[in-house]
Participant: 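Sharing a structure here in structure tokens format.
We count ligands from 1, going down the list as the structure has it; atoms in each ligand are counted the same way. All values reported here derive from a predicted model rather than from experimental measurement.
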Amino acid sequence: MSVVAARPEVTGFFDKRTFSIQYVVADPATRKCAIIDPVLDYDEKSGSLATRNADRILDFIAEQDLSVEWVLDTHPHADHFSAAPYLKEKTGAPTAIGDRIVEVQELWKEIYNWPDFLADGSQWDKLFAEGETFAVGELPGRILFSPGHTLASITYVIGDAAFVHDTLFMPDSGTARADFPGGSARRLWASIQEILALPDETRVFTGHDYQPAGRCRCRS
Ligand SMILES: [Fe+2]
């Protein structure tokens, strides 16, 4: 199957609190799927965590009779926690992120003076290297290293779909900030060029929609 012919079913789940979009990417032939960038709900005032977003995704997966093969993060998120560990517990599917996460963790360990923190990426089951391939059912997946927003950001290219998270935003929002530790506007620019060089048929899925000027996403 050519990469462009492989067309996953993509369903987005919008989190109104963080303007994040979480994705379920399914292979129509095998009913296997990957979950990308799931949000763990966090209430700043009470400091409490909840799994409303993740449970909504699990309900959808059960309704659609899908089985989860991967729980994927594109990068460490500054605006929300990842529900990947919870979804791993519920589905048994392995979690993954880009292997440069180790460099981000080393930075954090130093900045936040957190000597006991294990900066080895062992919080995920799999650390993907640039160019590494994987599969969702029969759909081919590939890792594009997309640093800039964070130095560990990756794009998951699955069939004709690219999950770019913060590397690109909606056309009326631009790009993500590049001023977090390890961020770089220069590298972000180069990463965007690589995404734009993907085949024209590529569907690009962003990780946020901030709905500027009151633009409504109209589906939640
Ligand atoms: Fe981000």
Side-chain angles (χ1 to χ4, degrees), residues 10 12-25 34-44 49 53-54 57 70-87 95-112 114 117 119 121 123-124 126-128 130 143-158 161-196 203-212 217 220:
V10 179
F13 296 83
F14 189 57
D15 174 40
K16 285 181 188 152
R17 195 184 66 80
T18 60
F19 300 95
S20 302
I21 312 166
Q22 313 151 87
Y23 292 102
V24 172
V25 187
I35 301 169
I36 301 185
D37 287 319
V39 171
L40 187 65
D41 309 292
Y42 176 66
D43 183 84
E44 286 94 348
L49 296 168
N53 270 294
I57 291 172
W70 288 103
V71 183
L72 305 172
D73 282 310
T74 50
H75 67 295
H77 306 279
D79 65 333
H80 64 81
F81 293 117
S82 170
Y86 173 74
L87 289 167
T95 58
I97 198 166
D99 61 0
R100 307 288 283 269
I101 187 67
V102 174
E103 289 170 48
V104 174
Q105 290 180 323
E106 277 163 4
L107 270 177
W108 286 351
K109 189 172 175 158
E110 205 178 303
I111 291 168
Y112 296 114
W114 196 359
F117 180 61
Q123 298 83 353
W124 288 265
K126 165 78 183 161
L127 301 183
F128 280 121
E130 180 175 14
I143 305 300
L144 214 59
F145 182 44
S146 303
H149 170 54
T150 74
L151 64 76
S153 296
I154 56 175
T155 294
Y156 292 102
V157 181
I158 303 173
F163 297 88
V164 303
H165 209 277
D166 295 344
T167 302
L168 277 175
F169 279 171
M170 295 293 279
D172 52 0
S173 285
T175 67
R177 49 193 291 184
D179 60 334
F180 290 125
S184 158
R186 187 180 293 274
R187 293 173 97 184
L188 184 61
W189 170 263
S191 296
I192 291 168
Q193 299 312 306
E194 269 200 76
I195 291 166
L196 296 179
R203 292 178 291 159
V204 174
F205 294 92
T206 64
H208 289 289
D209 183 358
Y210 290 109
Q211 306 172 342
R217 185 175 166 80
S220 62

Participant: Under the ring pair (Phe, Tyr, Trp, His ring centres under 6.0 Å) test, which residues partner Tyr86, sequence neighbours left out?
Facilitator: none
Participant: Which residues pass the salt bridge (charged side-chain N to carboxylate O under 4.0 Å, His left out) test with Asp43, not counting sequence neighbours?
Facilitator: none
Participant: Mind counting the protein N, O or S atoms sitting less than 2.8 Å from the Fe ion (ligand 1)?
Facilitator: 3
Participant: Please confirm whether the backbone N or O of Asn53 pairs with a side-chain atom of Asp41, one donor and one acceptor, at under 3.5 Å?
Facilitator: yes
Participant: Listed by chain and number, what are the salt bridge (charged side-chain N to carboxylate O under 4.0 Å, His left out) partners of Arg187, not counting sequence neighbours?
Facilitator: none
Participant: Report the C-alpha distance between Glu44 and Arg17 in whole Å, list the side-chain angles of each, state the deciding distance to 0.1 Å, and finish with yes or no for salt bridge (charged side-chain N to carboxylate O under 4.0 Å, His left out).
Facilitator: CA-CA 11 Å; Glu44 286 94 348; Arg17 195 184 66 80; 3.1 Å; yes
Participant: Hey, is Lys109 close enough to Glu106 for a salt bridge, meaning N to O under 4.0 Å?
Facilitator: no
